[in-house]
**Student:** 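Could you have a look at this structure, given as structure tokens, before my questions?
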Amino acid sequence: MKKWLILTAFLLTATAAFADEGMWMINTIDRMLEKKMKDTGLRLDGRMIYDEEKESLSDAVVALGFSCTGSMISSDGLMITNHHCAYSDIHALSTMEHNYLEDGFWALYREDELPVKGQSVYFLKKVFDVTGEVQALRKEYDAENRPMAMRRVYKAIEDKYAKVYEGQGELICSSFFNGNLYYMALYQVYRDVRLVAAPPVCLASFGGDADNWEWPQHKGDFALYRIYTAPDGSPAPYSPENVPLHPRKVLTISQQGVTDGDFTMVIGYPGRTNRYASSYAVEEIVQVQNPIQAGFRRDQMMIIEKWMNADPDIRLRYADRYFSLSNVQEIKEGEIYCYNRFNVIDAKRNWEQKLQKWIEPSDLIFQLAQKYEDVSVINQQIVYFQETLVRGTNLHRYANALAQGKTELAERELGKLDMRVERDLLRYSLGQFFKYVRREFWGEYLTDLHARYSGDVDSMLNEIFDGHLHDALTSCKITFFNERRDAIEAGVSKNSLERKYKDAVYHMKLAGKEPMYPDANSTMRITYGKVRALRPRDAVSLDSHTETAGILEKYDPGRYDFKLRSDVYELLESNPNVPVDFITDNDITGGNSGSPVLNAKGELVGLAFDGNKESLAGDTYFVDSMNRCICVDIRYVIWILREYAHADNILAEINL
């Protein structure tokens with residue numbers, strides 16, 4: 001631990017211009033970082049935020065399957081997160097008779113709470129440095145030329161400490177700064193999780209796809225779960241005999257709100273960033289990956305949306321799939337827009353000139369540029385393959401079950417699908433596959449199929465759905481592409497050069513005392529900033545807060561994303577000035593969804609749920625003036641619980 005604390009203090013001696021950028025490891029709050037946070041407005045001691053020995057704010061923050069973040073708000077295990085984090089669970093629990101997405105769900109009694117299959121909640125208990133041990137194992141395994149060395153290293157080190165902490169939780173080892181540091185995290189994991197409350201989608205996701213990644217927004221993006229334990233308080237699978245968890249720490253809810261310039265901090269589990277990537281990695285994203293991914297997903301959404309608008313049953317079946325497509329598609333388009341608008345490639349190239357002088361006489365950057373150029377075409381082919389036959393339809397599990405003779409499993413998978421939708425999706429995917437993927441990669445069945453029907457997609461579909469679905473989906477294999485790429489790379493991979501590049505960046509910044517924080521990797525992080533309005537374009541200024549009046553202004557009964565239930569409309573019409581959402585300049589990314597937004601005293605004032613379009617360069621490049629974290633105001637959450645759901649039981653439980 002001492003090694004990391006010294007490093008943090010060393011790196012935080014940079015100028016205040018970088019104060020709000022950075023997803024800092026929660027266990028690295030030393031005096032220097034604490035001072036910078038206090039200079040920004042924090043009114044707490046750092047050990048009140050994270051302390052392995054005593055109760056602290058971090059004890060109330062949880063990872064929801066490491067895809068989202070949640071926080072504890074009652075002593076009886078009540079956890080709050082985003083509605084969009086709970087979306088898949090709500091969707092899985094919904095039927096046409098009980099459509100909890102459209103109608104909402106409110107458990108006014110404990111016995112009404114709905115068990116959620118497959119959900120896990122992780123409480124961080126301890127973090128400790130294992131850098132020396134991991135690096136020693138890496139050298140040993142590399143010397144022995146063992147295959148999959150790093151996976152074996154992680155297993156070995158986790159198995160070692162599993163004996164030390166037997167019965168105390170689960171261990172996960174993670175790499176930081178490209179393998180220059182390794183930390184082990186000990187988690188207590190609970191798997192009896194039950195849905196308690198979720199507003200109807202017209203409240204939780206008002207504006208839907210149209211408003212996603214935009215500001216202003218007007219979403220009541222929250223849901224409530226409860227965590228249960230065995231009667232003795234230990235983690236246990238679902239059982240009617242289980243009892244509510246009594247967490248170590250519960251957040252205090254503030255109904256005072258926040259105003260421009262107020263301090264905010266976000267604690268959560270951001271998924272992945274790649275801030276230290278080379279300009280050539282960004283160039284590949286802009287020119288190769290994202291245009292294909294964004295275009296294909298947009299077309300697939302149009303196919304699904306046509307059927308969803310025609311049939312309420314299809315809307316329910318495909319709501320989760322469409323939701324996922326929409327989110328990723330807009331990210332991909334937004335990244336292209338931001339990388340171009342903010343000249344990210346040029347900015348990184350300019351910085352790489354400094355790096356080149358520092359690493360001379362090495363020609364690493366030249367090698368990297370050449371390698372990306374060499375593999376550009378085959379990488380493009382891989383993206384075409386993945387976006388068509390791999391994820392272009394939902395038929396893989398059904399087809400695999402049929403091929404293996406697992407009739408019951410096949411029938412269950414078929415029950416989730418509508419074959420009219422899947423046929424249209426496969427028609428589109430096949431057409432794009434044959435158009436863009438080179439014939440040499442098609443595989444035997446697809447090559448013969450295309451020849452037999454002279455490329456007529458509908459004729460090919462008839463044969464595929466007449467008993468050859470598995471053949472069609474497995475004829476082309478990723479190994480075909482990987483073998484070609486390995487041959488082109490000739491023993492020196494693009495990824496290995498990118499790792500060397502990041503290692504050089506790390507050591508150059510370390511030597512120059514530049515601010516440096518590890519890329520996000522689903523470990524607990526803290527960011528700090530302020531409530532801050534936005535000026536996204538010339539002559540356009542956007543306030544930092546929205547109110548319910550904005551919902552009525554956007555209301556459009558002819559558009560699904562902007563429709564309202566009649567009871568919701570009537571309530572909003574008589575309450576036009578309720579705070580809804582606000583924005584801050586906290587540095588967040590995917591995985592932070594549901595993270596608690598805390599004020600200077602550590603009180604809960606909102607939940608992070610989105611970023612703005614102008615922040616979507618953030619995976620690889622932070623733009624301070626444009627980066628915003630969009631948050632649902634906790635006062636709107638309370639208002640919905642009180643005035644719409646009449647959930648007096650929940651309000652009493654959270655001491656309101």
**Student:** Give a yes or no on whether the backbone of Arg499 and the side-chain of Asn178 come within a donor-acceptor separation of less than 3.5 Å.
**Tutor:** yes
**Student:** Would you say the side chain of Ser175 lies within less than 4.5 Å of the side chain of Tyr154, judging by non-hydrogen atoms?
**Tutor:** yes
**Student:** Are Glu21 and Tyr517 close enough that a side-chain donor and a side-chain acceptor fall under 3.5 Å?
**Tutor:**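 Side chains of Glu21 and Tyr517: pair found under 3.5 Å.
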**Student:** Can you name the closest pair of heavy atoms from Ala319 and Leu101 and give their distance?
**Tutor:**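 Taking Ala319 first and Leu101 second, the nearest heavy atoms are CB-CD1, 4.0 Å.
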**Student:** Looking only at atom types and distance, does a side-chain atom of Glu489 sit under 3.5 Å from a main-chain N or O of Lys494, one as donor and one as acceptor?
**Tutor:** yes
**Student:** Less than 3.5 Å apart, any donor N or O on the side chain of Tyr453 or Glu463 sitting next to an acceptor on the other?
**Tutor:**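 There is such a pair (donor and acceptor under 3.5 Å, judged by atom type) between the side chains of Tyr453 and Glu463.
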**Student:** Return yes if some donor-acceptor pair links the side-chain N/O of Ser593 with the main-chain N/O of Gly590 below 3.5 Å, else return no.
**Tutor:** no
**Student:** Could you tell me if the side chain of Tyr183 sits less than 4.5 Å from the side chain of Thr523, heavy atoms only?
**Tutor:**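 In short, these two side chains do not touch, never coming nearer than 4.5 Å.
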**Student:** Find the distance between CD1 (Ile331) and CG (Asp619) and round it off to the nearest 0.5 Å.
**Tutor:**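 Spacing of CD1 (Ile331) from CG (Asp619) equals 9.5 Å.
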**Student:** So, Gln300 and Arg391: side-chain donor and acceptor under 3.5 Å apart, yes or no?
**Tutor:**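 A pair is found: one side chain offers a donor N or O, the other an acceptor, under 3.5 Å apart.
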**Student:** Is a side-chain N or O of Lys371 found less than 3.5 angstrom from the main chain of Ser496, in a donor-acceptor match?
**Tutor:** no
**Student:** Quick one: CE on Met184 to OG1 on Thr131, what's the gap to the nearest 0.5 Å?
**Tutor:** 10.5 Å
**Student:** Does any donor atom in the side chain of Asn180 or Lys502 lie under 3.5 Å from an acceptor atom in the other side chain?
**Tutor:** no
**Student:** Below 4.5 Å, heavy atoms only, C-beta onward: do Glu614 and Val623 meet side chain to side chain?
**Tutor:** no
**Student:** In this structure, are over 12 heavy atoms from other groups packed under 6.0 Å from Arg397 atom CZ?
**Tutor:**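 Counting other residues, nucleotides and ligands, CZ of Arg397 stays at 12 neighbours or fewer.
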**Student:** Taking Asn521 for its side chain and Phe176 for its backbone only, find out whether a donor-acceptor pair lies under 3.5 Å.
**Tutor:**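 No: the side chain of Asn521 does not pair with the backbone of Phe176.
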**Student:** Is the shortest side-chain N to carboxylate O distance from Asp346 to Arg349 below 4.0 Å?
**Tutor:**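 Here Asp346 does not pair with Arg349 in a salt bridge, since their nearest N and O are not under 4.0 Å apart.
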**Student:** Quick check: are there more than 12 heavy atoms from other residues, nucleotides or ligands sitting under 6.0 Å from CD of Glu408?
**Tutor:** no
**Student:** If you define the side chain from C-beta out and look only at heavy atoms, does anything of Leu425 sit under 4.5 Å from Ile304?
**Tutor:**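 A side-chain contact exists here, since the closest heavy-atom pair is under 4.5 Å.
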**Student:** Any luck finding a side-chain donor-acceptor pair between Thr620 and Tyr339 under 3.5 Å?
**Tutor:**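 Tyr339 and Thr620 do have a side-chain donor-acceptor pair below 3.5 Å.
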**Student:** Quick one: does Val288's side chain get under 4.5 Å of Tyr372's, heavy atoms only?
**Tutor:** no
**Student:** May I ask you to decide if Val201's main-chain N or O and Ser205's side chain share a donor-acceptor pair within less than 3.5 Å?
**Tutor:** no
**Student:** Just by distance, do the side chain of Thr69 and the backbone of Tyr269 share a donor-acceptor pair under 3.5 Å?
**Tutor:** yes
**Student:** Under 4.5 Å between any side-chain heavy atoms of Gln217 and Phe609, yes or no?
**Tutor:** yes
**Student:** Hydrogens and angles aside, do Arg485 and Asn482 bring a side-chain donor and acceptor to less than 3.5 Å of each other?
**Tutor:**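 Looking only at side-chain atoms, Asn482 and Arg485 do form a donor-acceptor pair, the distance falling under 3.5 Å.
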**Student:** Could you check whether Glu498 and Ser278, counting side-chain N and O atoms only, form a donor-acceptor pair closer than 3.5 Å?
**Tutor:** yes
**Student:** Is it true that a side-chain atom of Asn290 and a backbone atom of Val286 form a donor plus acceptor pair closer than 3.5 Å?
**Tutor:** no
**Student:** For the pair His83 and Tyr87, name the ring-plane relationship: parallel under 30°, tilted 30 to 60°, perpendicular over 60°.
**Tutor:** perpendicular
**Student:** Is there a side-chain contact between Phe441 and Ile378 in this structure, where contact means two heavy atoms from C-beta onward sitting under 4.5 Å apart?
**Tutor:**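 Yes - at least one pair of side-chain heavy atoms lies under 4.5 Å apart.
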**Student:** Could you check whether the rings of His450 and Phe434 sit parallel, tilted or perpendicular, using 30° and 60° as the cut-offs?
**Tutor:** tilted
**Student:** Counting only heavy atoms not in Met96, do more than 12 fall under 6.0 Å of its CE?
**Tutor:** yes
**Student:** Under 3.5 Å, is there a donor-acceptor pair between the Glu133 and Tyr161 side chains?
**Tutor:**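 Judged by distance alone, the side chains do pair up.
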**Student:** State whether Lys613 and Glu333 are salt-bridged, where the test is any N-O pair (Lys NZ or Arg NE/NH1/NH2 against Asp/Glu carboxylate O) under 4.0 Å.
**Tutor:**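 Judged by the 4.0 Å cut-off on N to carboxylate O distance, Lys613 and Glu333 do not form a salt bridge.
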**Student:** Could you check whether the rings of Tyr436 and Phe296 sit parallel, tilted or perpendicular, using 30° and 60° as the cut-offs?
**Tutor:**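 Plane angle between 30° and 60°, so tilted.
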**Student:** Is the count of non-hydrogen atoms from other residues, nucleotides or ligands lying under 6.0 Å from Lys155 atom NZ greater than 12?
**Tutor:**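 Count not over threshold, so no.
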**Student:** So does Arg275 get a backbone contact from the side chain of Thr273, meaning a donor-acceptor N/O pair under 3.5 Å?
**Tutor:** no
**Student:** Does the side chain of Asp424 come under 3.5 Å of the side chain of Trp307 through a donor N or O and an acceptor N or O?
**Tutor:** yes
**Student:** Over all heavy atoms of both residues, which pair between Asn612 and Asn627 is shortest? Give the atoms and the distance, please.
**Tutor:**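 Looks like OD1-C, 4.0 Å.
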**Student:** Hey, does the side chain of Arg525 reach the backbone of Asp519 with a donor-acceptor pair shorter than 3.5 angstrom?
**Tutor:** yes
**Student:** Sequence neighbours excluded, which residues qualify as ring-ring contact (aromatic ring centres under 6.0 Å, His included) partners of Tyr276?
**Tutor:** none
**Student:** So, Asn495 versus Ser493: side-chain donor-acceptor pair below 3.5 Å or not?
**Tutor:**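 Judged by distance alone, the side chains do not pair up.
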**Student:** Going by an N to O cut-off under 4.0 Å, is there a salt bridge joining Glu413 and Lys416?
**Tutor:** yes
**Student:** Any salt bridge linking Glu387 with Arg297? Criterion: basic side-chain nitrogen under 4.0 Å from a carboxylate oxygen.
**Tutor:**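 The answer is yes: the pair qualifies as a salt bridge.
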**Student:** For this output row, return yes or no: ring centroids of Phe385 and Phe481 closer than 6.0 angstrom.
**Tutor:**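 Yes, the ring of Phe385 comes within the 6.0 Å limit of the ring of Phe481, centre to centre.
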**Student:** Of the non-hydrogen atoms in Ser429 and Thr393, which two are nearest, and what is the gap between them?
**Tutor:** OG-CG2, 4.3 Å
**Student:** Would one find more than 12 heavy atoms of other residues, nucleotides or ligands at under 6.0 Å from atom CZ of Arg438?
**Tutor:**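 Atom CZ in Arg438 is not packed in, count stays at 12 or less.
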**Student:** Just checking Phe66 against Tyr187, ring centres under 6.0 Å apart?
**Tutor:**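 They qualify: ring centres under 6.0 Å apart.
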**Student:** Salt bridge or not between Arg420 and Asp418? Use side-chain N to carboxylate O under 4.0 Å.
**Tutor:**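 Yes, Arg420 and Asp418 are salt-bridged.
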**Student:** For Ile365, which of Glu352, Gln370, Gln353 qualifies under side chain to side chain contact (heavy atoms under 4.5 Å, CB included)?
**Tutor:** Glu352
**Student:** Should Asn462 and Arg423 count as side-chain neighbours, where that means a heavy-atom distance under 4.5 Å?
**Tutor:** yes
